[in-house]
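Shown next, in structure tokens, is the structure this report addresses.
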Amino acid sequence: MTSPFLWGVATSSYQIEGAPGNDWTAWEAAGRLKAPGTRCGVATDHRVRWRSDFLLLPTIGANAYRFSVEWSRIEPRPGHFDLDALAVEVERVELLQRLGIEPVVTLNHYTHPSWFWEDGGWENRKSVERFARFASAVSDALKGKVRRWVTLNEPIILVLGGFLAGWITPGRKDFGAAAEALEHLVRAHVAAAAVLKEGDSGARVGIAHNMLEFAPDRPANTLDRKLSALGDRLYNLALLEAIATGDMAWWFPGEGRADFRVADLPASNDFVGLNYYSRVHLRFGGLPGPIGEFHYRDRERRGLSDTGWEVYPEGFDRALERSAATGRPVLVTENGIATSDDSRRRTFLREHALVLSHRRTAGTDIEGYLHWSLIDNFEWLEGFGPRFGLFEVDYATFTRRRRPSADLFAALGRSFLSNGASVRALEAP
Ligand code: FCB
């Protein structure tokens with residue numbers, strides 16, 4: 001029996017409700033955001049307003065909702081699980097079920113309990129069993145109620161940003177540390193997937209993988225082209241290949257390499273989660289550090305978004321195709337635009353929905369599309385400026401206001417759910 005196409009939205013816990021005891025709160029307190037005074041606090045107050053936020057889902061025609069559970073709330077001290085925090089997640093899933101919305105639960109969306117880093121975090125091999133223990137507590141609470149799980153959100157970004165560039169927690173800049181972290185993250189995914197499938201043989205598990213389109217900044221420049229191909233391998237392909245074969249080959253010339261085999265990796269991924277936003281241009285600038293110069297350019301004159309990202313739907317097409325080449329169905333776990341001009345969000349939605357519909361017509365196995373995001377939220381290093389929501393959040397009152405793009409999203413959903421996307425609906429004003 002084929003299950004219906006999933007049409008919905010994605011959020012992450014920290015970005016909509018904050019968390020006092022996690023590493024991101026500590027990162028903010030250390031003044032590490034772009035505006036050092038920025039604090040997430042209660043974010044959009046979703047911890048209080050989650051029921052009414054969930055009631056927005058049927059109004060946009062969603063039949064699926066991706067959200068994350070916050071590790072630091074559930075396991076505030078190593079091995080001590082907060083039953084009240086778990087009960088909140090059960091309540092949430094039950095409300096989604098009553099609304100006819102399929103939950104897609106992310107176990108780790110960038111944040112960790114602060115204690116996790118005390119003895120090395122992902123650099124420590126013990127992280128694998130720690131993550132599995134956490135997965136087991138969540139699985140025990142939600143099993144039978146949740147079918148689709150995302151173990152890790154964007155592990156490659158976590159490794160690049162946290163262990164090579166030092167932009168996000170834990171702020172390391174060391175290839176050896178990055179290589180250790182990558183291997184432990186992959187093994188932690190496999191261990192968590194085993195726990196989830198043991199709890200429920202029907203569980204479907206995947207990783208949400210961020211993909212970017214890569215291009216040479218100077219198209220005729222050989223070094224830029226080489227760099228762009230290398231970026232594509234490291235950032236996009238290495239993980240996809242590992243999912244398909246079990247072999248990870250991740251290397252940076254002049255820095256080092258991480259080559260390892262995780263035999264159970266292919267079987268642990270039932271789908272590929274794809275987070276797609278943009279295209280980057282790489283420019284060789286002398287001796288590149290581990291992360292060279294990258295730029296967002298407005299080459300197609302569509303305009304950059306409020307986070308400065310290029311809108312590039314063509315890259316979405318390629319990312320879908322390449323994800324599916326792993327031999328697994330693709331679930332779009334994120335796609336969206338930060339803009340305070342909602343008409344740009346509507347154009348973005350139409351253009352990306354068109355790509356999605358063409359890919360499906362071409363036979364690519366796509367399980368669903370989850371738009372980022374339901375409501376405006378706290379955007380990591382940027383804070384509250386970028387507006388990604390189908391609903392606007394007024395941060396002075398926490399009022400939610402529906403944007404016109406929410407109507408378009410619902411109309412597109414009707415097309416996708418009824419006949420696999422009619423181009424007429426996509427072209428509606
Ligand atoms: C993705 C993250 C998500 C959100 C969007 C804009 O990389 O997974 O949390 O910040 O970018």
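Worth saying up front: this structure is predicted, and the values here are computed from it rather than measured. Ligands are counted one by one from 1 in listed order, and the atoms in each one are counted from 1 as well.
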- Message: Looking at S278 and V311, would you say the former's side chain and the latter's main chain have a donor-acceptor pair under 3.5 Å?
- Response: no
Output, or 'none' if empty, a list of ligand 1-protein atom pairs in which both atoms are N or O and the distance is under 3.5 Å, rounded to 0.1 Å.
from, atom 1, to, atom 2, distance (Å)
ligand 1, 7 (O), E154, OE1, 2.8
ligand 1, 7 (O), E154, OE2, 2.8
ligand 1, 8 (O), H109, NE2, 3.2
ligand 1, 8 (O), N153, ND2, 2.9
ligand 1, 8 (O), E154, OE1, 3.3
ligand 1, 8 (O), E154, OE2, 3.3
ligand 1, 8 (O), E334, OE1, 3.1
ligand 1, 8 (O), E334, OE2, 2.9
ligand 1, 9 (O), Q15, OE1, 2.7
ligand 1, 9 (O), H109, NE2, 2.7
ligand 1, 9 (O), W380, NE1, 3.0
ligand 1, 10 (O), Q15, NE2, 3.2
ligand 1, 10 (O), E379, OE1, 2.6
ligand 1, 10 (O), E379, OE2, 3.3
ligand 1, 10 (O), W380, NE1, 3.1

Under 3.5 Å, sequence neighbours excluded: what are the donor-acceptor pairs made by side chains of residues 31-38?
from, atom 1, to, atom 2, distance (Å)
R32, NH2, G166, O, 3.1
K34, NZ, E382, OE2, 2.6
T38, OG1, A35, O, 2.9

is_close_aromatic([X], [Y]), centroid dist under 6.0 Å:
{"X": "Y110", "Y": "Y14", "value": "no"}
{"X": "W122", "Y": "F163", "value": "no"}
{"X": "Y65", "Y": "F54", "value": "yes"}

- Task: Could you check D270 against R148 for salt bridge (Lys or Arg N to Asp or Glu O under 4.0 Å), going step by step and ending with a plain yes or no?
- Result: CA-CA 9 Å; D270 301 295; R148 282 188 168 82; over 6 Å; no
